[in-house]
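In what follows, chains carry the letters A, B, and so on, assigned in the order in which the sequence lines appear, proteins first and then strands, with residues in each chain numbered from 1. Only a predicted model underlies this, so the values are computations on that prediction, with no experimental measurement involved.
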Number of protein chains: 2
Amino acid sequence: MSSADTCSVESINQEAVKKAKQGLPNEKIILRVSESFKVLGEPTRVKILFSLSKQELCVCDLANLLGATHSATSHQLRVLRNMGWVKFKKTGKMAYYSLTDQHIVNLIDMSIKHAEE
Amino acid sequence: MSSADTCSVESINQEAVKKAKQGLPNEKIILRVSESFKVLGEPTRVKILFSLSKQELCVCDLANLLGATHSATSHQLRVLRNMGWVKFKKTGKMAYYSLTDQHIVNLIDMSIKHAEE
DNA sequence: TTGACATATGAACAATTGTTCATATAATCA
DNA sequence: TGATTATATGAACAATTGTTCATATGTCAA
């Protein structure tokens, strides 16, 4: 940050900045939260999560539903697995995916409700 | 999508796929929702929104708070303005930013609560 | 055991995005 | 008026990311 990026002392509301800084959740929480949002920032993944909230589906079903390749679908499922948001059970050749819990879909629902207004 | 990406008819649960497809919110809603999440997928923007939920702040304050340059801060504020999430009032040289409404911060709060568990 | 199938995954590529740098605008002050 | 300050913004660059392609693994049927 160059000196041109520092405000004159008078124009900074130091009190407010200090207060805001203290009020902020700690860095780790912020990073975790924005990481979650980033994962939700892809239509494909939102569709997967929404679909799985109604019923379990195999990779094949999901690819079909999304109009995506198996490979792309599998890659996206890995992202969701890494977040701990989906789990799967293997049955023969097939892998049936489902949600680990409902809270992510609650977030999506909340956002949909607002978007529909 | 090549033919290698098509499942055999038997392995697709066509009934489930059809049901899931119908249950999905329409494409526009999905896109709008994931666009919102994408914008929330940056720690910097989450910090800005969270800070503004407590009090209005000028660009200078925000840059100071974030440890970012004025330019970077201003660019991020534009993104938030484009989403309609923040507004500002000009007072002399200064631009004081504030939230247009509370709903986005509610989403963030909800996510923070879960992240803290 | 061989071939077909469902899924997983690394590498490469194209597209997107956040930051920086340079510059523009508008307001204040000397 | 000319200098300084607060903010905005376009262009360029680096980093990140989603998809595709090629290939690997494990299962089932013949």
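Salt-bridge check for Lys47(B) with Glu27(A): passed, with a basic side-chain N closer than 4.0 Å to an acidic carboxylate O.
Contact of the Asp109(A) side chain with the Phe50(A) side chain is registered, since non-hydrogen atoms from C-beta on lie closer than 4.5 Å. Residues Ile48(B) and Leu52(B) form a side-chain contact, since some pair of their non-hydrogen atoms from C-beta on lies under 4.5 Å apart.
Applying the 4.0 Å criterion to OP1 and OP2 of dA8(C), one finds that Tyr97(A) has a side-chain N or O inside that range. Considering only side-chain N and O atoms, Arg81(B) lies under 4.0 angstrom from the phosphate OP1 or OP2 of dT9(D). Between Arg78(B) and dG10(D), a side-chain N or O to OP1/OP2 separation shorter than 4.0 Å is present. Distances shown here put a side-chain N or O of Thr69(B) below 4.0 Å from the OP1 or OP2 atom of dT20(C). A close approach under 4.0 Å does occur between a side-chain nitrogen or oxygen of Thr44(B) and OP1 or OP2 of dT19(C). A close approach under 4.0 Å does not occur between any side-chain nitrogen or oxygen of Gln76(B) and OP1 or OP2 of dT17(C).
Ranking dA8(D), dT7(C), dT20(C) by closeness to the Val59(B) side chain, first place goes to dA8(D). Comparing dG18(C), dT20(C), dA6(D) by their closest approach to the side chain of Ala72(B) singles out dT20(C). Taking the side chain of Ser71(A) as heavy atoms from C-beta on, and the options dT7(D), dC21(D), dA8(C), the nearest nucleotide is dC21(D).
The neighbour count for Gln102(A) CD, taken as heavy atoms of other residues, nucleotides or ligands under 6.0 Å away, is above 12. A 6.0 Å sphere centred on NZ of Lys87(B) holds more than 12 heavy atoms belonging to other residues, nucleotides or ligands.
In this structure, the CG atom of Leu57(B) is 15 Å from the C1' atom of dT7(D), given to the nearest Å. As rounded to whole Å, 5 Å separates atom P of dA6(D) from atom NZ of Lys93(B). At whole-Å resolution of the value, CG in Leu62(A) and P in dT7(C) are 9 Å apart. Rounded to whole Å, the distance from CE on Met94(B) to C1' on dT5(D) is 10 Å. One atom, CG of Leu77(B), and another, P of dA6(D), lie 16 Å apart when rounded to the nearest Å. Whole-Å rounding puts the Glu56(A) CD to dT7(C) C1' distance at 16 Å. Distance CZ (Phe37(B)) to C1' (dT17(D)): 19 Å, rounded to an integer number of Å. Tyr96(B) has its OH atom 13 Å from the P atom of dA8(D), to the nearest Å.
Toward the 5' end of DNA chain D, the nearer of the two residues Glu35(A) and Ser74(B), judged by each one's closest nucleotide, is Ser74(B). Mapping Lys38(A) and Lys90(A) onto DNA chain D by nearest heavy atom places Lys38(A) closer to the 5' end of the strand.
Taking both residues in full, the closest heavy atoms of Ser34(A) and Val46(B) are given as CB-CG2, 4.1 Å, listed atom of the first, atom of the second, then distance.
In this pair, His75(A) does not lay its aromatic ring on the base of dT19(D); centres under 5.5 Å and planes under 30 degrees do not both hold. Here His70(A) does not lie in a stacked arrangement on the base of dT7(C), lacking the combination of planes under 30° and ring centres under 5.5 Å apart.
Across all strands shown, Ala95(B) has heavy atoms under 4.0 Å from sugar-phosphate atoms exclusively, and none from any base.
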